[in-house]
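Shown next, in structure tokens, is the structure this report addresses.
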Amino acid sequence: QVQLVESGGGLVQAGGSLRLSCAASGRTFSTYAMGWFRQAPGKEREFVAAISWNGGIPPYADFVKGRFTISRDRAKNTVYLQMNSLKPEDTAVYYCAADLTTPYAAVVLTRHEAYDYWGQGTQVTVSS
């Protein structure tokens with residue numbers, strides 16, 4: 001049974017940092033792309049960052065470029081999202097997702113429809 005479990009969310013002041021983790025289990029994830037998305041109240045789920053099976057050059061949403069960094073530890077089946085210089089508008093539930101359709105995919109997809117497994121989400125709240 002595939003499971004994605006996020007952790008690391010919480011309350012932080014503007015300008016602070018958080019590191020989200022996503023522990024994957026149930027199968028091998030090391031050959032598949034993983035992504036982070038977020039959803040704020042009253043808004044649609046939006047892409048944040050993604051990473052290919054071998055790292056590569058991860059795509060980022062424009063609003064997090066230079067502030068967030070995605071990484072993965074393939075041996076631990078874990079994906080991370082380091083979030084620095086947080087802003088109140090970063091407040092949202094952050095979801096980890098796995099695209100288990102195509103192994104060794106050359107292109108990392110940013111559409112949430114492309115991801116077929118999701119975690120339960122972790123709340124990130126940034127106070128001003």
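Model, not experiment: these values are computed from the prediction.
Residues Phe68 and Leu81 are in side-chain contact: their nearest non-hydrogen atoms beyond the backbone lie under 4.5 Å apart. The shortest distance between side-chain heavy atoms of Phe29 and Thr78 does not fall below 4.5 Å. Here the side chains of Tyr60 and Arg67 are not in contact, with every heavy-atom distance at 4.5 Å or above.
Linking ILVMFWY residues whenever their side-chain heavy atoms come closer than 4.5 Å, directly or via other members, leaves Tyr117 and Phe47 in distinct clusters. Cluster membership check: Val79 shares its hydrophobic cluster with Val2, using side-chain heavy-atom separations under 4.5 Å among Ile, Leu, Val, Met, Phe, Trp and Tyr. Side-chain heavy atoms closer than 4.5 Å link hydrophobic residues (I, L, V, M, F, W, Y) into clusters, and following such links, even through other members, never connects Val93 to Val126. Linking ILVMFWY residues whenever their side-chain heavy atoms come closer than 4.5 Å, directly or via other members, places Ile51 and Leu100 in the same cluster. A continuous path of Ile, Leu, Val, Met, Phe, Trp and Tyr side chains, each step under 4.5 Å between heavy atoms, connects Leu86 with Phe63, placing both in one hydrophobic cluster.
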Report task. Give the intermediate values and the outcome of side chain to side chain contact (heavy atoms under 4.5 Å, CB included) for residues Val124 and Arg38. Result -> CA-CA 9 Å; Val124 172; Arg38 71 185 189 185; over 6 Å; no
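With hydrogens and angles disregarded, no donor-acceptor distance shorter than 3.5 Å links the side chain of Asn84 to the backbone of Ser17. Using a distance-only test at 3.5 Å, with no hydrogens or angles considered, a donor-acceptor pair links the side chain of Ser52 to the main chain of Gly55. Under the 3.5 Å distance criterion, the side-chain polar atoms of Glu6 are matched with a main-chain donor or acceptor of Gln120. Judged by distance alone, with hydrogens and angles left aside, the side-chain atoms of Thr91 form no donor-acceptor pair with the main-chain N or O of Thr125 at under 3.5 Å.
Between the CD atom in Glu89 and the OG atom in Ser128 there is a gap of 10.0 Å [rounded to 0.5 Å]. How far CG of Asp99 is from NE2 of His112: 13.5 Å, rounded to the nearest 0.5 Å.
A pairwise comparison of heavy atoms in Lys76 and Tyr80 identifies CD-OH, 4.4 Å as the closest pair. Closest approach of Asn77 to Thr28, counting heavy atoms only: ND2-CA, 4.4 Å. Minimum interatomic distance between Arg72 and Met34 (heavy atoms only, all atoms of both residues): NH2-CG, 3.6 Å. Closest heavy-atom contact between Ala114 and Leu109: CB-CD1, 3.4 Å. Nearest heavy atom pair, residue Leu20 against residue Met83, reads CG-CE, 3.7 Å. Shortest non-hydrogen contact noted between Ala98 and Leu4 is N-CD1, 3.8 Å.
Between Lys87 and Asp90 there is no salt bridge, since no side-chain N of the basic residue sits under 4.0 Å from a carboxylate O of the acidic one.
When ring centroids are compared, Tyr32 and Trp53 stay outside the 6.0 Å threshold. Residues Phe37 and Tyr115 bring their aromatic ring centres within 6.0 Å.
Annotation: cation-pi pair Arg45/Tyr95 present, NZ/CZ under 6.0 Å from the ring centroid and within 45° of its normal.
Other residues, nucleotides and ligands contribute more than 12 heavy atoms inside 6.0 Å of the CD atom of Glu113.
In summary, of the residues considered (Thr69, Ile70, Val108), a side-chain contact (heavy atoms from CB on, under 4.5 Å) with Pro58 occurs for Ile70 alone.
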